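Here is the naming used below: chain letters follow the sequence lines, and residue numbers restart at 1 for every chain. This one's a predicted model, so the numbers in the text were calculated from it and none came from an experiment. The figures here come from the full heavy-atom set of this structure, side chains too, leaving out hydrogens, waters and symmetry mates.
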There are 2 protein chains.
Amino acid sequence: MNISDVAKATGLPVKTIRYYEDIDLITPGRGENGYRRFSVQDQHRLAFIGRARSLGFSVEACRSLLLLYNDRDRASADVKRIAREHLAEIERKRDELTQMRDTLFQLISACAGNDRPDCPILADLASGDGS
Amino acid sequence: MNISDVAKATGLPVKTIRYYEDIDLITPGRGENGYRRFSVQDQHRLAFIGRARSLGFSVEACRSLLLLYNDRDRASADVKRIAREHLAEIERKRDELTQMRDTLFQLISACAGNDRPDCPILADLASGDGS
DNA sequence: CTTGACCTTCCAGTTACTGGAACCCTTATG
DNA sequence: CATAAGGGTTCCAGTAACTGGAAGGTCAAG
């Protein structure tokens, strides 16, 4: 399979797949013409990465997860630990966004949004008595 | 005021303040020794930026907000539009994180987290029948 | 034989800083 | 007066994870 086929199959952009080879997440073979040739394992690996990325795992976390995935002697505790750390980070970010959302919502509600200059949003940013 | 004083006053790192000058968000004066001299307006401007950033506005959005802030003929509608677009983006990201959190939570709950290799987290990443 | 769709590599840009090196200025102290 | 600590300065490089674009090789069809 050529790169664009794998791109279609995995939903990953061609550029991204090349990038993943660049950072040694995958090592596809090469044909006589220099084109990358992707095996079923390569595809599988890329799909794995794509799903892990869509769960927000960093590329380095994906690397660790792939290592564990290919390690028959792994302990599920190691996987779980990585996932839990990631979940904690996601919850932290989500809480931050929730806080931002609430504050922004307040400010937006208070703003007339007309052609006059008075604006509670700017007033808050200027004075910082917002939250 | 020297840069470290303003850093203390605004809570922004010294490096960040220099960076903001670099990208022309602020233009502090200079003393005879070449040191930046920050006026009260400079401080005020930096505090404004710091608060906008803490609400998640991008640096470019901060630039727009500062322009509006210094425009006596602004329309609050323009500020409100920027804030609403930003809020929409925040909600989008938050929804994404919520989705990730829920899926991760399911997977983590299903994982024994012991010294055995069986792992629903890896199984899901490998097969993609997770959500 | 040319056109168009592939493929290749390499370089640069994105966001918003952050770390570090090399060096200058100021103030206090032995 | 020398020096050491603690400011300040510039400039360069790196971060994360791609993404866009240029320049050029390859392949199948008409």
Taken to the nearest whole Å, CG/A:D24 to C1'/D:dA17 is 15 Å
NA contact type, B:I23, heavy-atom cut-off 4.0 Å: base, sugar-phosphate, or nothing?
nothing
Checklist entry - Heavy-atom distance under 4.5 Å between the side chains of A:L46 and A:Y20, does that happen here? => result yes
Judged by nearest nucleotide, the residue sitting upstream toward the 5' end of DNA chain D, B:R30 or A:Y35, is B:R30
Among C:dT18, D:dC18, D:dG7, the one nearest any side-chain atom of A:T16 is D:dC18
From the candidates D:dT19, C:dC7, D:dC18, the one with an atom nearest any side-chain atom of A:V59 is D:dC18
When rounded to whole Å, the CD to P distance for the pair B:E21 and D:dC11 reads 11 Å
When rounded to whole Å, the CE to P distance for the pair B:M1 and D:dG8 reads 11 Å
* To do: Report yes if at least one side-chain N or O of A:R63 is closer than 4.0 Å to OP1 or OP2 of D:dA17; otherwise report no.
  => no
Walking DNA chain D from its 5' end, the first of A:Y19 and B:N2 to be reached, judged by nearest nucleotide, is B:N2
Between CG of A:D5 and P of C:dA5 the distance, given in whole Å, is 16 Å
Counting only side-chain N and O atoms of A:Y20, is one of them less than 4.0 Å from OP1 or OP2 of D:dA17? no
Whole-Å distance, B:D22 CG to D:dT10 P, equals 9 Å
Output for pair (B:L97 CG, A:E89 CD), nearest 0.5 Å, gives 10.0 Å
Just so I know, are the side chains of A:L125 and B:Y69 near enough to count as touching, which here means a heavy-atom distance under 4.5 Å?
no
Taken to the nearest whole Å, CG/B:L46 to C1'/C:dC17 is 15 Å
A:I3 atom CD1 is separated from D:dT26 atom P, nearest whole Å, by 17 Å
DNA chain C nearest-nucleotide lookup for A:K8 and B:N33: closer to the 5′ end is A:K8
(message) Regarding A:R37, tell me which of base, sugar-phosphate or nothing describes its non-hydrogen contacts under 4.0 Å with the strands shown.
(response) nothing
* Does the side chain of B:R36 get closer than 4.0 angstrom to OP1 or OP2 of D:dT10 through an N or O atom? -> yes
ask   = Does the side chain of B:S4 get closer than 4.0 angstrom to OP1 or OP2 of D:dG8 through an N or O atom?
value = yes
Separation of C:dC24 atom C1' from B:E32 atom CD, nearest Å, is 15 Å
Could you check A:R18 against A:E21 for salt bridge (Lys or Arg N to Asp or Glu O under 4.0 Å), going step by step and ending with a plain yes or no? CA-CA 5 Å; A:R18 289 203 195 99; A:E21 184 190 13; over 6 Å; no
Contact class for B:R18 (heavy atom, under 4.0 Å): base, sugar-phosphate, or nothing?
base
Check the side chains of B:S39 and B:D42 for a donor-acceptor pair under 3.5 angstrom, ignoring hydrogens and angles. yes
